[in-house]
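Every chain is numbered from 1, with letters handed out A, B, ... down the list of sequences.
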Protein chains: 2
Amino acid sequence: MAREQRQATMADVARKAGVSVSTVSRALRGLPTVSPDARDRVERAARELSFALSRSASSLVTGKTGRVAVLMPGLERAPWFLGTALTGMASGLSEAGLDLLVYVVTNEAERAEFFDRLPARRNADALMVTSFILTEEERERLDDLGVPVVFASQHAPGRASVYVDDVAAAHQGVRHLINLGHRHIAHLRLAVEDSFVWSAQDRLVGYRRALKEAGLPWDDSLVVHAEYGRGGVRRAVGWLLSLPQLPTAVFVESDEMAFEVLGVLRSCGIDVPGRMSVLGFDDHPLAEAMDLSTIAQSAWDTGREAAGLVSSILAEPCGDPARHVVIPTRFIPRGTTAAPPQDAAAVSSGGGTQWGAASADPTEGF
Amino acid sequence: MAREQRQATMADVARKAGVSVSTVSRALRGLPTVSPDARDRVERAARELSFALSRSASSLVTGKTGRVAVLMPGLERAPWFLGTALTGMASGLSEAGLDLLVYVVTNEAERAEFFDRLPARRNADALMVTSFILTEEERERLDDLGVPVVFASQHAPGRASVYVDDVAAAHQGVRHLINLGHRHIAHLRLAVEDSFVWSAQDRLVGYRRALKEAGLPWDDSLVVHAEYGRGGVRRAVGWLLSLPQLPTAVFVESDEMAFEVLGVLRSCGIDVPGRMSVLGFDDHPLAEAMDLSTIAQSAWDTGREAAGLVSSILAEPCGDPARHVVIPTRFIPRGTTAAPPQDAAAVSSGGGTQWGAASADPTEGF
DNA sequence: CTGAAAGCGCTTACAG
DNA sequence: CTGAAAGCGCTTACAG
C-alpha cells in the first residue's frame, strides 16, 4: 500500500495555479487579501494534487503546533470515565482545528520519564492533565513547560481546571443513605498507592462530612481500599463482610467498582438492598440496567469543557489563569439502596460493639 | 502559569557548550562521531537550558514526524476494549520513541470529514485504524495517504493487521452452549447501522456456523439487534422474551452488553442460568465478579501488537505488506451458562413450533 | 491584491 | 571528530 509518491508541496500548487507560494499560503488559510480568481485556481490546484499542509513547516514559523497533548493514566483504570472524557476532548479540539496527542502513563517508571523528559514540550500548544494526583515537584515541572496547562477531572486551585464538586456530590449521596436509616456505612475505594486517579480523595471527604453531620462516629475499619486488579474488590468486600459489625450500606468510589461489588455480594448470597445497600458514582451506561443507585456526572462534558478551556486560553493567553468550569452532578436513586434491615439497628443498639453509641431509630433521618 | 520564556534552541546549547550546532545535533542523537568531551559539554548545556528538540524542525528535514496516528470510533462505544487497546498502543509506541495522535470519530459527519481531509496526512508516519468497518472508497482513500496503514481489531486481507479469529472464537463459545444441550440459542448484537465497530460480523458468522454444524435450523428472529444507547439492550431482550419460543441461551456480542442483559433478565425475574444461559465476549475485568461465561481476548495485546507492526513497517518498509498478528482467544466457562431447563426441550419437542424439527435429547451433545 | 526574500530550527552532505 | 553551508516547506514582513 502507501504508494510512496512524493507529497505535493505548496510550490507544486503554486506552479499549477500560476501564482506565487505566498498567494497559495494566503488563499489556503482563507485570508481576505486574495482575489477570487486566484483563490479559485489555488483551491482547484490543491484539490487536484491532493495537497496537505505540512504542519511541521508551518509550525516552525508560526511557533504554533496545532496540537494539544493530554496526559492520562492507563485507560483501563477507569475505562468508561477516561475513555468518554478523551472522546469529549477529541471532539472539542477537532472543532477548534486542533489535533490531540495522547500520553498514557501506566506506571511509576513511565510517569517519572514523562516528567523528566516532558515530551509534550515544544510539540504541543497546551497540555491537559486528566485524573492525576500530582506531586508538588511535578506541578512545578509543568509550570516550566512553557505551554498552558489545563487540569481535567480535578480541582487545581489557581490553575485552569474542570471538575465536579466531588465533596458535595459524595456528601449528598451518603446523606441519602443516612436518610434511609443507615448508620453503618462503609466506603470502598481504590488503594491509595494505586490512586493514579482523580477525585477519590474528595469523595472520601464528602463521605466523612456526611457522617459527621449526622453525628455518626468515625470508624476507620469502614473505609476499605481495594487493590487494583482482579480480586481486589472481592478481598475488600471480604474485609467488610468479616467485620464484627456488618455495615448495612457501601458507598463505592465508582460505578465500575460498584458493579463488581454487586457481583461479589450476589455470589455470597447477600441480598441487595435487603441486607446491604450499594451506592456508586458516575452513572455509567450500565448503571441503569444494573439498577444501581448512583451519583451522575458527565465524563463527556468534562472532556469537552477541558478542550474549551484550552481553546479559550490559546485565544486569550492573558485572561484569568485560574479560569475553571464546574460540571454538575446529580444523585440518582435506584434499586440498590433501601432502608437497612430491621435487625441491623437491633444488633448495634443491643450490644457493646463500637457502634453502640451511634445506635438510633433507623427512621429518624426522615 | 506557563512563563512565556523563549524555549532554548540548539543554537543556545551550541553557544553554551562551545561547539557548533552540527555537533549538538549529533551528540543529542547519540551518533558515534562525537568526542566524549564534546558530548559531555553538550549534554550538560542541554540539561541546564532544559533544551527540548523541536520535532517540527527536525521532521521538516528528515521527513519523519515521530508521530503515529490512530483512527477510532468514540471510545464510549466499547470503553473497555477501545480504551485498553489504546493504552496498549500508547505503551508500544512510546517504547519505540513515537508519539500517538488520536483521531476519534463519533458520527458519520466526522467520519466523512476525516476521510475527506485526511488530517493525518503529512502529520504522522503511519496510521492505525481500529475497529472500523471501512467502505471500499475509504480503503482506497487510505491507500493514497502516503503512509503505511495498520488495521487493528479487524482482519484486512492484503494489509497489515492484528486481530482475533472471531469466527472460530464465536464458534467455540456457541458450541459450548450446544454441548450443554441448548437448541434455541439467540444472538444479541449492536444494530448494524450503529456498527462502527469491529468483529461483530465475524462473530455472527461463527454463531451461524456452530448452529449449522449441529444441525440446528436457522431462525432469523433469534438474531436481535440492539440500538446503541440506553434502553437498546432492554428492548432487544424484550424481543427475545416475547418470541413464541423462548430461547434458552443468548450469545452476546460483548461482555459490556452481556452485563446489561444480565441486569435486564434479573429485573424481569428470569433466572440465569436456570431459565436462560448468557455468554459474553471479551473477558472484561468485571466478567469474573459477574461470573459471566465468556470468550477472552486481550485488548492490551491487540494495541501492543499493532504498535509493534507499525514499528516493524517503519523499520522495514519493503517487507510483506500483509504482515499480521493473530491474537489468541480462549473460552472461559463460568456461572452464567448451564444446561437448559428440562421443560425447554419438552416444549419444543411437544408442539408444532418452528423448532420442533430440531428438538433433541438435550444431553446428546455430550 | 501579489511576489521575492528572509527566516523558523533543525539535519545532512561536504570539506577539512 | 568538527564546522560552515545548504535546504526542508512553510509564513510573514516588505515593497510594489
Next on the checklist: Strictly distance-based, threshold 3.5 Å: is any side-chain N or O of S161(B) a donor or acceptor partner for the main-chain N or O of P157(B)?
Outcome noted: no

Checklist entry - What integer distance in Å separates Q7(B):CD from dC10(C):P? => result 10 Å

Item to check | D125(B) side chain to T65(B) backbone, donor-acceptor under 3.5 Å | outcome: yes

Checklist entry - Under 3.5 Å, is there a donor-acceptor pair between the side chain of T130(B) and the main chain of M72(B)? => result no

Checklist entry - Hey, which of these two, S20(B) or V61(B), hits DNA chain D nearer its 5' end, going by closest nucleotide? => result S20(B)

Item to check | Interatomic distance where CG belongs to L60(A) and P belongs to dG7(D) [whole Å] | outcome: 17 Å

Checklist outcome for this item: Any strand, both distances under 3.5 Å, Watson-Crick or G-U wobble: dA15(D) pairs with dT2(C)

Next on the checklist: Reading DNA chain C from 5' onward, which residue's closest nucleotide shows up sooner: V21(A) or V21(B)?
Outcome noted: V21(A)

Checklist entry - Which is true for S35(A) with a 4.0 Å heavy-atom rule: it touches a base, it touches only sugar-phosphate, or it touches nothing? => result sugar-phosphate

Checklist entry - Can you check the R55(A) CZ to dG9(D) C1' distance for me, whole Å? => result 15 Å

Checklist entry - How long is the line joining CG of D40(B) and P of dC1(D), in whole Å? => result 14 Å

Checklist outcome for this item: Whichever of V24(A) and V34(B) has the more 5' nearest nucleotide on DNA chain D, that residue is V34(B)

Item to check | Contact under 4.0 Å: S25(A) side-chain N or O vs dT11(D) OP1/OP2 | outcome: yes

Next on the checklist: Distance criterion of 3.5 Å, no angle test: do you see the side chain of S22(A) paired donor-to-acceptor with the base of dA4(C)?
Outcome noted: yes

Next on the checklist: For a quick check of understanding: with a heavy-atom distance under 4.0 Å over all strands, which category does P32(A) fall into, base, sugar-phosphate or nothing?
Outcome noted: sugar-phosphate

Checklist entry - At under 4.0 Å between heavy atoms, what does R122(A) touch on the DNA or RNA strands: base, sugar-phosphate, or nothing? => result sugar-phosphate

Item to check | Minimum side-chain heavy-atom gap R67(B)-R55(A) below 4.5 Å | outcome: no

Checklist outcome for this item: Taken to the nearest whole Å, CG/N123(A) to P/dC10(C) is 11 Å

Checklist entry - Does any N or O donor sit under 3.5 Å from an N or O acceptor when you compare the side chain of R26(A) with the base of dG3(C)? => result yes

Checklist entry - Quick check, are the ring centers of F114(A) and Y103(A) under 6.0 angstrom apart? => result yes

Checklist outcome for this item: Taken to the nearest whole Å, CG/L31(B) to C1'/dC10(C) is 13 Å

Checklist entry - Base, sugar-phosphate alone, or nothing: which one does T33(B) contact when heavy atoms must sit under 4.0 Å apart? => result base

Checklist outcome for this item: L49(B) atom CG is separated from dC10(C) atom P, nearest whole Å, by 12 Å

Item to check | Ring-face cation of R111(A) near F132(A) (centre distance under 6.0 Å, axis angle within 45°) | outcome: no

Checklist outcome for this item: Rounded to whole Å, the CE-P distance (M10(B) to dG7(D)) equals 20 Å

Next on the checklist: By nearest atom, which of the nucleotides dG9(D), dT2(C), dT11(D) is closest to the A57(A) side chain?
Outcome noted: dG9(D)

Next on the checklist: I want to check one thing: is the phosphate of dT11(C), taken as OP1 and OP2, less than 4.0 Å away from some side-chain N or O of T62(B)?
Outcome noted: no

